[in-house]
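The structure appears right after this line, and notes come after that.
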2 protein chains.
Amino acid sequence: MSRTLQSTRHDALRLFLIEKRKKAGLTQAAVAAKLKRYQSFVASIETGQRKVDVVQLIALAEAIGFDPREAIKRMMANKDD
Amino acid sequence: MSRTLQSTRHDALRLFLIEKRKKAGLTQAAVAAKLKRYQSFVASIETGQRKVDVVQLIALAEAIGFDPREAIKRMMANKDD
DNA sequence: CGGGAATATCTAATTTTCGGATATTATCCG
DNA sequence: CGGATAATATCCGAAAATTAGATATTCCCG
């Protein structure tokens with residue numbers, strides 16, 4: 001469970017994604033299916049092992065159902081990168 | 001000049017970044033300096049050869065001076081991924 | 001406890017990214 | 001125009017990240 005990528009913002013992002021996915025009542029596998037990816041792809045994002053590119057964020061937002069700008073907002077709250 | 005990453009959204013992002021940088025009167029080298037990166041880093045983003053991760057987008061927004069949510073908005077305008 | 005569903009971790013092959021150098025293109029000015 | 005200089009694009013090998021896919025672990029509920 002060793003998270004490799006660390007920055008407060010990156011951390012805020014992954015926590016945000018987990019929260020949104022759970023609120024949407026979706027499993028990692030369900031989100032992965034919508035993205036046509038493996039469950040391990042979603043898992044590695046949520047465990048902070050990979051970064052999320054901007055295009056992917058929007059795809060995740062569509063799959064899960066949230067406004068990607070809200071994610072940005074949440075991340076910006078952390079002034080310390 | 002062969003762009004390798006292609007998606008309408010990714011394209012919208014890089015065009016947005018170029019536009020904002022120019023409007024801010026900054027060179028690639030100036031932006032790179034603020035990010036403590038090489039000019040080629042900025043160039044490869046603008047020429048579409050690399051993807052932009054979400055944390056980087058916010059850093060770019062700070063360096064150049066724009067609201068990262070505006071970038072997202074611009075990208076979302078392209079419904080076709 | 002037992003079993004299934006959900007999530008995390010591992011691995012090897014491939015792809016990206018990196019710093020750094022260099023080449024190309026654009027701009028300005030005499 | 002010619003040539004200097006600034007700006008941007010491209011190239012390289014090394015290092016790091018991502019991938020698909022399999023497997024292990026954890027969680028939850030009867």
Side-chain angles (χ1 to χ4, degrees), chain A residues 1-66 68 71 75 81, chain B residues 1-66 68 71 75 81:
Chain A
M1 201 213 282
S2 59
R3 278 194 305 101
T4 45
L5 301 173
Q6 77 304 38
S7 85
T8 310
R9 282 175 178 163
H10 178 249
D11 229 47
L13 175 57
R14 70 184 196 84
L15 294 174
F16 176 89
L17 290 172
I18 293 171
E19 175 190 320
K20 287 296 181 183
R21 176 179 61 77
K22 293 202 167 153
K23 278 189 183 155
L26 295 168
T27 65
Q28 291 181 347
V31 172
K34 293 193 185 205
L35 299 175
K36 288 172 186 157
R37 293 284 177 139
Y38 277 76
Q39 171 267 332
S40 61
F41 169 82
V42 177
S44 65
I45 284 176
E46 293 191 357
T47 55
Q49 300 192 254
R50 61 165 61 266
K51 33 193 147 122
V52 181
D53 102 62
V54 185
V55 174
Q56 274 175 351
L57 172 65
I58 297 179
L60 281 163
E62 289 173 343
I64 296 174
F66 65 84
M75 295 172 77
D81 189 27
Chain B
M1 201 213 280
S2 58
R3 277 193 306 101
T4 45
L5 302 173
Q6 76 305 37
S7 87
T8 311
R9 283 176 177 162
H10 178 249
D11 231 46
L13 176 57
R14 70 185 196 83
L15 294 175
F16 175 89
L17 290 172
I18 293 171
E19 174 190 320
K20 287 297 181 181
R21 176 178 63 77
K22 294 202 168 156
K23 276 187 184 157
L26 295 168
T27 65
Q28 291 182 345
V31 172
K34 293 193 186 205
L35 299 174
K36 288 174 186 154
R37 294 283 175 137
Y38 275 76
Q39 171 267 332
S40 60
F41 170 82
V42 177
S44 66
I45 285 176
E46 293 191 357
T47 55
Q49 299 191 256
R50 68 195 303 119
K51 29 193 150 124
V52 181
D53 104 63
V54 186
V55 174
Q56 274 176 351
L57 172 65
I58 297 179
L60 280 163
E62 290 173 341
I64 296 174
F66 64 84
M75 293 171 78
D81 188 26

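Note that the coordinates shown come from a computational prediction; the quantities given were computed from them, not determined experimentally. We name chains A, B, ... by the order of the sequence lines, and we start the count at 1 in each one.
Applying the 4.0 Å criterion to OP1 and OP2 of C:dA8, one finds that A:Q28 has a side-chain N or O inside that range. The phosphate of C:dG20 (OP1 or OP2) has a side-chain N or O of B:Y38 nearer than 4.0 angstrom.
Note: CD (B:Q56) to P (C:dT16) measures 15 Å, nearest angstrom. At whole-Å resolution of the value, NZ in B:K36 and P in C:dT17 are 22 Å apart. Rounding to whole angstrom units, CG of residue A:L17 and C1' of C:dT7 are separated by 16 Å. Rounded to whole Å, the distance from CD1 on A:I45 to C1' on C:dA8 is 14 Å. For the pair B:Q49 CD and D:dT8 P, the interatomic distance rounds to 15 Å; values are reported in whole Å. In this structure, the CD atom of A:E46 is 11 Å from the C1' atom of C:dA8, given to the nearest Å. If you take CZ of A:F41 and P of C:dA6, they are 20 Å apart, rounded to a whole angstrom. Following rounding to the nearest Å, B:K22 (NZ) and C:dA26 (P) show an atom-to-atom distance of 10 Å.
Checked against C:dT7, C:dA21, D:dT8, the side chain of B:R21 finds its nearest nucleotide in D:dT8. Among the nucleotides D:dT8, D:dA20, C:dT17, the one closest to the side chain of B:K51 is C:dT17. Of all nucleotides listed (D:dA9, D:dT8, C:dA8), C:dA8 comes nearest to the side chain of A:T47. Of all nucleotides listed (D:dA7, C:dA21, D:dT18), D:dT18 comes nearest to the side chain of A:R50. For B:Q39, taking side-chain heavy atoms from C-beta onward, the closest of the listed nucleotides D:dT19, C:dG20, D:dT8 is D:dT8.
Note on A:S44: nothing from the nucleic acid sits closer than 4.0 angstrom, heavy atoms only.
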Q: Could you check B:R9 against B:L13 for side-chain contact (heavy atoms from CB on, under 4.5 Å), going step by step and ending with a plain yes or no?
A: CA-CA 6 Å; B:R9 283 176 177 162; B:L13 176 57; over 6 Å; no
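Mapping B:S40 and B:V52 onto DNA chain C via the closest heavy atom, the residue that lands nearer the 5' end is B:V52.
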